[in-house]
> 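This is the structure I want to talk about, given as structure tokens.
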Amino acid sequence: MVEEDNKYNHQAIEPKWQKRWEESGLYWAEDNSHKPKFYCLIEFPYPSADGLHVGHPRSYTALDILARKRRMEGYNVLFPIGFDAFGLPTENYAIKVKKNPAEITKTNIDRFRRQLKSLGLSFDWSREVTTCDPEYYKWTQWIFLKLYEAGLVYQKELPINWCPSCKIGLANEEVVSGKCERCGTPVTKKNLKQWLFKITQYAQRLIDDLDKVDYLDKIKTQQINWISRSEGALIKFQISSTKSQINTKSQILNSKHSVEVFTTRPDTLFGATYLVLSPEHELIKNKELGIKNYDEVMEYIEKAKKKSDLERTDLAKEKTGVELKGIKAINPATKKEIPVWVADYVLTGYGTGAIMAVPAHDERDWEFAKKFNLPIIMTIAIDNASDNLTKEIFEFAKKISILADKKNKKFIFDGGFGLDIAYGKITRNHGDIDAQVEKDDLEFWKEYFVKEGFEIKKNPDERFELYIADNGKFHIDFGCYRGKFIKNSIKGTEFTAFSPKEILNFKKSECKRLGTKRLKDVHDFTLFNEMAYIGDGFLINSGIYDGLTSEEGIKQITKWLEKEKLGKPAVNYKLRDWVFSRQHYWGEPIPLIHCDKCGIVPVPEKVLPVTLPTVRNYEPTDTGESPLAAIKDWVNVQCPKCGGKAKRETDTMPNWAGSNWYFIRYTDPHSNQAFASSKKMKHWLPVDIYNGGMEHTTLHLLYSRFWYKALYDLKLVPGSEPYSKRVSHGMVLAEDGKKMSKSLGNVINPDDVVKEYGADTLRMYEMFMGPFSEAIPWDTKGIVGVRRFLDRVYRLGARGNEHGAMSTGPKAQDSGLKVLLNKTIKKVTEDIENFRFNTAVSALMVLVNEMEKQKQLPITHYQLLITLLSPFAPHLSEELWEKLGHKESIFKEKWPQYDPNLAKESEIEFVIQVNGKVRDRMQLPADISEKEAIKKAEQSEKIKKYLDRRQVVKKIFVKGKLLNIVVK
RNA sequence: GCCGGGGUGGCGGAAUUGGUAUACGCGACGGACUUAAAAUCCGUUGGGAGCAAUCCCUUAAGGGUUCAAGUCCCUUCUCCGGCACCA
């Protein structure tokens, strides 16, 4: 770009300052400082071959602004950067271009580093870490061993995603809707021994400790949902087989075989009419049982295994299963024999991998029982205790109807009372009556209801109350009760009943407030029709527990099970243990050795790291093993314990491993004594603010919190939570509103933007484009506006000597601008802290617009503007600061303070409303009293017009804002 | 299906948490400068009626609470994100 008078030359300015900042080490964090510390962290990038995405600067600039501001406020700031370099995309790319992933990574990182530096981010580059650097992953391996020694790692045979065509194990993210990402073949399962982390052991703490941290609510909820705790009971079902007939109670208790199930509904135990095992369940393998149709069962299991996840979890598909013939289970409550089935709708990974099926009260069991003709027993009824109340209401309604007829008034019930049947399911109980009356009759009805002892309330949610709206709508809420099916006819004086069948055919809206027949009938209807009742209620068909509420039933039955040693209360989490093995090359080798004699032996600390050897082929092998398995001289080692022949573990770690603890390493990145010195950790940790994408709020955030807690338990880190505060940025979408992707050809390259408009413009545009946490489409035209703004700031400083800001001309005493300046300082300061960068930028724009209108602009005012602008547009601000004659960097300046008294206007536009509508506005002192305001209002011609010949009912005065005159 | 978050001009979005709806920016239109264009500057810009002053309507739709609702409550529609046979 040619340098013009009215535009600044970003291509000259930006590299100049980047170089100076780097040379002076302006942004280096101090390990020993008396200043308060501030650790702000961005998720370090994965250096893909695509280079930097315009989404990266959004997150980085935001925290850069915060970091710069905090430095100016006197904090010792740690704002580090590194690279999350291990992982699949690089490996796949390496395979494609037949190059070493290490070389590719180096090239990519170099490019990323150059790109990041061109954005003028105030990273402390002296602390850069890279996860694939042996100096780094030495400590990843070390942490792994510490956690291994602590008993948090175990081995288990588990299915991996397997592409039968590529003969390759796939990561979950390579499976796209059940198919191999590369060739489109449906993915199946293959069992392999894998390393797992016992994250489930920390499930409860991972939930509980969320109270200690300041994460966005939606992040907390997502974590809680991911862990998903449910309370219930473990119940033991004895198994009888053809080989050992069991009939008596004592025999049942002594039976050799049993199946344990987890349920959240022990109150439905009496309705458990069969058991279902997952295909992977251990019991099936037990030959002693004498399953008669063993071959058939095995065939089913084999089929299930071949199914993809997609097929198995497809909700639309019909349920399948096979009965285990020749064996029965005993329902511990009824002591009756019930059949045992195997079906793949029962998952192996959750609970015990077996369930008690209660078809009457579980939709899936219902569906299964219907298909295979299994018995269904209702054990939950819905409360029918308040029949009397219902009757009362009924009578009352009749009375009103008769009265209405007599007096020739209208009273139309719309709605009934009883069960709430919504969305095709009986959900909960409800009872209210809506009614409509004629407006003219309203007074009559009001009077009547008051006479009847009703209190007329405004809030329709209060129970047992009458509510009458001015538009003639009634709402009588009688609280919860159950009753007969009733329905008003349109006339409002007749009631008709619905049949159960009718109810089933109701549409969503019609189902809202319907009565039902007596509850027993509801159950008959459920039984003979098409649904399970999954809600709470009262126990029936449950022996001595009949009549208890579900809640009470759960307690009592669990208590009894515990006493009889047939079960116990239990908590389950959906969270699974973390599979830590990858059968891939490009990851940290797991530092374990398999010795025939000694078993699993950890690699001794002293010889860490176990470095990744160079191999010829990076493709996973067709056995599903990592390519490392093929390197004989790497695999074969001496056992560190006995010196005998041993083999290395050939699986590598997932790319979560390095990113799990990088924020710790930043505190002491060059130590070869420890993963970080405890002194430095104590100084810097926890991270004060951590920003990243929403896509990492479950896995990455949870995994790293888990490791941190485990390390805390080993007294290796100073706290139990790694991040005090977590925020998230929204995605930058393409101009078409879609996700940017190479295949769609809608990718914006930040390099181009930096080249054409400059880094300051890019930074500011990304802050200005919209709320930080929302996804926002890119708008090339929008950038122009920001660049224009920066040029105007530039010109404002350079304009004519006489009145220009660059000169130390006369100090204008423009109090209007002074107020605006203070307001702007306040707004920008607060907005940065609250991550509302878009409005901070607009506040700066407003200030500049005002400044341009000034005839004289005192240099102090201009300097203030530049200081406020500096975190957003660091290069231009430095340049202008220097032009103003300053020798030191603007970032050594103090962040501006505002005077709260000056941040308010002394005179405001006061609004006068009549009946809530704005009728006049006038310039008045901000602290004007009510009396004064009323006086002014009464003088107004515009207002007079509205007050004329009307009665003033009320005057509402809001200080500093408005006056509302209510007239009749 | 469940959980979470939204819906405001032609577009991205503001609105001090119940108190002037549409800040700021983009775009569009008109004008100035220029031989011309770009750049820059100035003006207009939610919709409708009117020559005008002025008036009416407007925050997905409908209803409610309130002196006052984009904001609170109820109902409906709709979009986005996460989870999903989790017993």
Side-chain angles (χ1 to χ4, degrees), chain A residues 4-7 217-219 221-222 224-226 228 230 232 261-265 268 276 312-315 317 319 343-347 349-352 354-358 361-365 367-368 423-425 458-461 467 469-471 473 475 508-509 512 534 572-576 694-695 697-698 730-731 765 768-771 773-786 788-789 791-792 795 827 830 836 838-839 841-846 849 852 908-918 921 942 953-956 958 960-967:
Chain A
E4 297 169 45
D5 282 351
N6 54 3
K7 292 181 168 208
D217 276 344
K218 68 170 173 182
I219 298 176
T221 329
Q222 245 183 54
I224 290 167
N225 288 347
W226 186 263
S228 197
S230 39
V261 304
F262 173 73
T263 179
T264 53
R265 294 296 300 271
T268 63
V276 190
R312 249 185 98 158
T313 57
D314 185 5
L315 282 155
K317 131 206 122 159
K319 294 205 169 15
D344 65 5
Y345 82 90
V346 174
L347 307 173
Y350 185 76
T352 61
I355 60 149
M356 64 177 211
V358 186
H361 305 296
D362 181 278
E363 286 173 324
R364 297 149 299 175
D365 298 343
E367 193 191 320
F368 194 78
Y423 304 99
K425 276 185 207 167
K458 279 177 180 173
N459 180 2
D461 285 330
Y467 155 68
D470 285 339
N471 65 352
K473 276 223 170 191
H475 182 102
K508 224 156 114 176
S509 52
K512 274 286 133 128
I534 57 169
N572 247 296
Y573 303 90
K574 284 187 199 170
L575 181 72
R576 311 290 168 86
M694 263 327 263
E695 69 275 21
T697 47
T698 43
M731 265 198 291
Y765 168 65
F768 185 57
M769 65 198 302
S773 58
E774 306 283 302
I776 300 195
W778 184 265
D779 179 16
T780 302
K781 283 182 181 144
I783 303 169
V784 178
V786 173
R788 285 209 270 252
F789 165 73
D791 279 327
R792 275 159 57 203
R795 260 177 277 143
K827 179 118 185 90
E830 289 170 358
R836 295 204 303 235
N838 53 333
T839 49
V841 174
S842 87
L844 289 170
M845 288 174 166
V846 171
N849 288 347
E852 279 179 334
I908 47 128
E909 192 176 47
F910 193 83
V911 168
I912 297 156
Q913 299 179 328
V914 178
N915 285 349
K917 287 196 175 170
V918 182
R921 300 152 199 251
K942 286 179 187 168
V953 183
K954 216 188 218 178
K955 287 174 195 142
I956 288 120
V958 183
K961 293 246 159 69
L962 54 79
L963 175 73
N964 186 12
I965 303 169
V966 187
V967 296

> Examine distances only and state if a side-chain atom of A:Asp362 and a backbone atom of A:Ala357 form a donor-acceptor pair shorter than 3.5 Å.
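No, the answer is negative, given that no donor and acceptor are paired below the 3.5 Å cut-off.
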> Name the orientation class of the two ring planes belonging to A:Tyr345 and A:Phe368 (parallel below 30°, tilted from 30 to 60°, perpendicular beyond 60°).
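Tilted.
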> If you measure from the C1' atom in B:U22 to the same atom in B:C41, how many Å do you get, rounded?
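Roughly 26 Å separates the two C1' atoms.
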> Answer yes or no: does a side-chain N or O of A:Thr221 lie under 4.0 Å from OP1 or OP2 of B:G82?
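So the side chain of A:Thr221 is outside the cut-off, no N or O lying under 4.0 Å from OP1 or OP2 of B:G82.
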> For the C1' atoms, the ones on B:U65 and on B:A28, what distance do you get once it is rounded to whole angstrom?
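Going atom to atom, C1' in each nucleotide, I get 42 Å.
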> By nearest heavy atom, map A:Asp791 and A:Asn915 onto RNA chain B; which one lands nearer the 5' end?
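Mapping each residue to its closest nucleotide by heavy atoms, the 5'-most match is A:Asp791.
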> Provide the distance between the two C1' atoms, one in B:C3 and one in B:G48, to the nearest whole Å.
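Rounded to whole Å, the distance is 43 Å.
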> Applying a 4.0 Å non-hydrogen cut-off, can you work out what A:Val358 is touching in the nucleic acid: base, sugar-phosphate, or nothing?
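No contact.
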> Report which part of the nucleic acid A:Ser230 touches: base, sugar-phosphate, or nothing (heavy-atom distance under 4.0 Å, all strands).
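Since only primed, P, OP1 and OP2 atoms lie under 4.0 Å of A:Ser230, the category is sugar-phosphate.
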> Have a look at B:G9 and give me syn or anti from its glycosidic angle (syn if within 90° of zero).
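You should classify B:G9 as syn.
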> For A:Phe768 and A:Ser842, work out which heavy atoms get closest and say how close.
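Shortest heavy-atom separation between A:Phe768 and A:Ser842 comes out as CE1-CB, 4.0 Å.
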> Describe the nucleic acid contact of A:Pro771 in one word from base, sugar-phosphate, nothing, applying a heavy-atom distance below 4.0 Å.
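Sugar-phosphate: the residue A:Pro771, judged by heavy atoms under 4.0 Å, touches backbone atoms but no base.
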> Which dot-bracket notation, 5' to 3', represents the base pairing of RNA chain B when pairs are defined as Watson-Crick or G-U with both distances under 3.5 Å, crossing pairs as [ ], and inter-strand pairs as |?
(((((((..(((......[....)))((((((.......))))))((((....))))..(((((..]....))))))))))))....
> When the C1' atoms of B:U71 and B:A87 are compared, how many Å lie between them, rounded to an integer?
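Their C1' atoms lie roughly 42 Å apart.
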> Quote, to the nearest angstrom, the P distance that separates B:C83 from B:G10.
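Their P atoms lie roughly 36 Å apart.
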> Expressed in whole Å, how much space separates the P atoms belonging to B:U35 and B:A49?
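To the nearest whole Å, 42 Å.
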> Closest heavy-atom contact between A:Tyr765 and A:Asp779?
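Taking every non-hydrogen atom into account, OH-N, 2.9 Å.
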> Quick one: classify the glycosidic conformation of B:U35 as syn or anti, with syn meaning within 90° of 0.
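Chi for B:U35 falls in the anti range.
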> Hey, does the side-chain of A:Lys955 have a donor or acceptor N/O within less than 3.5 Å of a partner on the base of B:C67?
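Between B:C67 and A:Lys955, which were checked side chain against base, a qualifying N/O pair under 3.5 Å is absent.
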> Check whether any side-chain N or O of A:Tyr350 sits under 4.0 Å from OP1 or OP2 of B:A87, and answer yes or no.
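For B:A87, OP1/OP2 do have a side-chain N/O of A:Tyr350 under 4.0 Å.
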> Are any of the side-chain heavy atoms of A:Ile956 and A:Gln913 separated by less than 4.5 Å?
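A:Ile956 does not reach A:Gln913 side chain to side chain.
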> Testing the basics here: between A:Val966 and A:Asn915, what is the closest heavy-atom pair and its distance to 0.1 Å?
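Closest approach of A:Val966 to A:Asn915, heavy atoms only: CA-OD1, 3.3 Å.
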> Could you write out each protein N or O paired with an N or O of nucleotides 22-26 of chain B at a distance under 3.5 Å?
{"unit_1": "B:G25", "atom_1": "OP1", "unit_2": "A:Asn849", "atom_2": "ND2", "d": "3.4"}
{"unit_1": "B:C26", "atom_1": "OP1", "unit_2": "A:Arg788", "atom_2": "NE", "d": "3.0"}
{"unit_1": "B:C26", "atom_1": "OP1", "unit_2": "A:Arg788", "atom_2": "NH2", "d": "2.9"}

> Looking at every non-hydrogen atom in both residues, tell me the closest pair between A:Asp365 and A:Val358 and how far apart they are.
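Nearest pair, atom of A:Asp365 first, then A:Val358: OD2-N, 3.0 Å.
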> For nucleotides 16-21 of chain B, give me one character per nucleotide, 5' to 3': B if any protein heavy atom sits under 4.0 Å from the base, S if the only such contacts are to the sugar-phosphate, - if neither.
B--BB-
> Find the distance A:Lys218:NZ to B:C3:C1' and express it as a whole number of Å.
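It is 13 Å, rounded to the nearest whole Å.
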> Could you measure between the two C1' atoms, the one in B:G18 and the one in B:U66, and give it in whole Å?
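The same atom, C1', in both gives a distance of 9 Å.
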> When the P atoms of B:G70 and B:G63 are considered, how many whole Å apart are they?
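Roughly 15 Å separates the two P atoms.
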> Looking only at non-hydrogen atoms, find the nearest pair between A:Ile908 and A:Lys961 and report the distance.
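Of all heavy-atom pairs spanning A:Ile908 and A:Lys961, the closest is CD1-N, 4.4 Å.
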> Between A:Ile776 and A:Thr264, which is nearer to the 5' end of RNA chain B once each is assigned its nearest nucleotide?
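First, find each residue's nearest nucleotide; the 5'-ward one identifies A:Ile776.
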